[in-house]
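Encoded as structure tokens, the structure appears first; notes follow it.
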Amino acid sequence: MPNIIEITDFSAPELDIYARLSEVQLLHFYEPDQGIFIAESPKVIERALDAGYVPISLLLERKHIDGQAHEILARCPDIPVYTADFDILTQLTGFALTRGVLCAMRRHRLPDVAQVCANARRIAVLENVMNPTNVGAIFRSAAALNMDAVLLTPGCSDPLYRRASRVSMGTVFQIPWTYFDGEIAGWPQPGIGLLQSLGFKMVAMALRNDSVHIDDPKLMAEEKLAVILGTEGDGLADCTIADCDYTVRIPMSHGVDSLNVAAASAVAFWQLGKRH
């Protein structure tokens with residue numbers, strides 16, 4: 001039976017993780033061990049459980065106990081389940097729970113870049129993509145359109161932030177990912193050099209006159225590609241582009257010069273992720 005706990009005291013410390021701690025504070029919650037994150041919506045929580053993430057507690061609307069959260073509760077019989085009506089939860093958290101169910105979960109230790117890329121042919125690289133909505137949307141496209149892994153520079157928003165994982169529809173738990181970090185895999189170097197040593201041709205998605213067409217036969221014939229997408233607004237750094245094997249742009253019409261990074265990722269992954 002689930003351990004149902006009716007919320008009567010808004011200041012209870014066990015509710016801090018849902019109501020009063022920031023994403024960054026959650027990230028460092030168990031430091032020096034791995035932190036925690038909040039997964040929102042039954043679909044996202046189920047995919048996190050499928051990936052082996054360990055739940056700590058649940059916060060949900062009372063109506064979902066026998067509704068949307070029923071199967072989740074059956075999978076998590078031994079953790080606290082904090083509940084109340086919608087209006088009370090909104091007062092507690094300060095915002096509407098758009099999916100009605102939240103789950104606090106322990107983070108996994110991230111693998112290194114070489115581990116993530118070990119069996120990959122197509123990977124996505126995000127350079128300083130800071131908007132969690134964009135990060136989530138890119139992960140969803142990557143998972144759907146034949147990318148084998150996602151790598152992120154330290155300036156990127158965390159894929160496990162609540163909004164990112166929700167927008168991704170839980171695909172952040174289905175596709176391997178990690179950050180470039182440290183002397184072995186810093187960014188852009190030595191990270192780019194590491195990927196090239198693993199056999200990847202580096203593809204910079206950038207608005208340059210010397211770029212090749214996204215369906216260029218030589219590009220499509222490459223066995224292993226790393227598709228690099230840049231930050232919102234500024235795009236990729238010049239030094240990143242200079243170290244790449246290809247610079248690629250998506251042809252535009254009606255005088256449009258660029259796409260949102262999430263939209264551009266879907267186009268790039270669909271074309272460059274084709275198996276041959």
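Nothing here was measured: the structure is a model prediction, and the numbers come from that model.
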Transitively linked via ILVMFWY side-chain contacts under 4.5 Å: Val129 with Ile175?
-> yes
What's the verdict on side chain to side chain contact (heavy atoms under 4.5 Å, CB included) for Leu195 and Val125, showing C-alpha distance, side-chain angles and the deciding distance?
-> CA-CA 11 Å; Leu195 292 181; Val125 178; 4.2 Å; yes
Quick one: side-chain contact (heavy atoms from CB on, under 4.5 Å) partners of Pro13, sequence neighbours excluded?
-> Asp16
Residues in side-chain contact (heavy atoms from CB on, under 4.5 Å) with Pro80, at least two apart?
-> Asn3, Ile5, Ser57, Tyr82
What pairs with Asp238 under salt bridge (Lys or Arg N to Asp or Glu O under 4.0 Å), at least two apart in sequence or on another chain?
-> Arg208
Kindly work out whether a path of hydrophobic side-chain contacts (I/L/V/M/F/W/Y, heavy atoms less than 4.5 Å apart) joins Val44 to Leu73.
-> yes
Backbone N or O of Ala39 within a donor-acceptor pair of the Arg166 side chain at under 3.5 Å?
-> no
Tell me, please, which residues at least two apart from Arg163 pass side chain to side chain donor-acceptor pair (under 3.5 Å).
-> none
hydrophobic_cluster_shared for Trp270 and Val203, side chain cutoff 4.5 Å | yes
Closest heavy-atom contact between Leu126 and Cys156?
-> O-SG, 3.2 Å
Taking only residues two or more places apart in sequence, or in another chain, which ones meet Asp216 in a side chain to side chain donor-acceptor pair (under 3.5 Å)?
-> none
In chain order, what residues pass the salt bridge (Lys or Arg N to Asp or Glu O under 4.0 Å) check against Asp181, with sequence neighbours excluded?
-> none
Test salt bridge (charged side-chain N to carboxylate O under 4.0 Å, His left out) on Arg75 and Glu46 and set out the steps.
-> CA-CA 9 Å; Arg75 296 179 66 176; Glu46 286 170 3; 5.9 Å; no
Step-by-step salt bridge (charged side-chain N to carboxylate O under 4.0 Å, His left out) determination, Arg162 to Glu23 = CA-CA 8 Å; Arg162 179 178 157 189; Glu23 301 267 24; over 6 Å; no
Between the main-chain N or O of Ala137 and the side-chain N or O of Ser168, is there a donor-acceptor pair closer than 3.5 Å?
-> no
Hey, could you give me the NZ/OG1 distance between Lys63 and Thr83, rounded to the nearest 0.5 Å?
-> 11.5 Å
With no hydrogens and no angle check, is any side-chain donor or acceptor of Thr178 less than 3.5 Å from a backbone partner on Leu110?
-> no
Under 3.5 Å: donor-acceptor pair, side chain of Arg122, backbone of Glu223 = yes
Around Lys43, counting heavy atoms of other residues, nucleotides and ligands shown, do more than 12 lie under 6.0 Å from its NZ?
-> no
Any residue meeting side-chain contact (heavy atoms from CB on, under 4.5 Å) with Ser22, in chain and number order, not counting sequence neighbours = Val24, Gln25
Would the number of heavy atoms belonging to other residues, nucleotides or ligands and lying under 6.0 Å from CG of Asp33 be above 12?
-> yes
In chain order, what residues pass the side-chain contact (heavy atoms from CB on, under 4.5 Å) check against Ser211, with sequence neighbours excluded?
-> Thr247, Arg249
If you round to the nearest 0.5 Å, how far is CD1 of Ile228 from CE of Met202?
-> 3.5 Å
Side chain Asn146, main chain Lys274, donor-acceptor under 3.5 Å | no
Report the C-alpha separation of Leu151 and Tyr179 in whole Å, then their side-chain angles, then the decisive distance to 0.1 Å, and conclude whether the side chain to side chain contact (heavy atoms under 4.5 Å, CB included) test is met.
-> CA-CA 6 Å; Leu151 302 175; Tyr179 281 96; over 6 Å; no
Backbone N or O of Ala268 within a donor-acceptor pair of the Gln271 side chain at under 3.5 Å?
-> no
Would you say Val248 and Ile123 are hydrophobically clustered, going by side-chain heavy atoms of ILVMFWY under 4.5 Å?
-> no
Does the Ser265 side chain pair with the main chain of Ile138, one donor and one acceptor, at a distance under 3.5 Å?
-> no
Go through the structure and list residues passing salt bridge (Lys or Arg N to Asp or Glu O under 4.0 Å) with Arg140, not counting sequence neighbours.
-> none
Could you tell me which residues satisfy side chain to side chain donor-acceptor pair (under 3.5 Å) with Arg107, sequence neighbours excluded, listed by chain and number?
-> Asp158
How far does CD1 of Ile192 sit from SG of Cys239, to the nearest 0.5 angstrom?
-> 7.5 Å
Any side chain to side chain donor-acceptor pair (under 3.5 Å) pairs touching residues 186-200, not counting sequence neighbours?
-> Glu127-Trp187, Gln189-Asp243, Gln196-Asp245
Check whether any side-chain N or O of Trp177 sits under 3.5 Å from a backbone N or O of Val172 as a donor-acceptor pair, and report yes or no.
-> yes
Result for side-chain contact (heavy atoms from CB on, under 4.5 Å) between Leu59 and one of Ile7, Val81, Val101 points to Ile7
Which distance, rounded to the nearest 0.5 Å, do you find between the CG of Leu27 and the CG of Leu160?
-> 9.0 Å
Pairs in or reaching into residues 33-60: which pass ring-ring contact (aromatic ring centres under 6.0 Å, His included), with residues at least two apart or in two chains?
-> Phe37-Tyr53, Phe37-Phe173, Tyr53-His108, Tyr53-Phe173
Checking Glu232 side chain against Met130 main chain: does a donor-acceptor pair fall under 3.5 Å?
-> yes
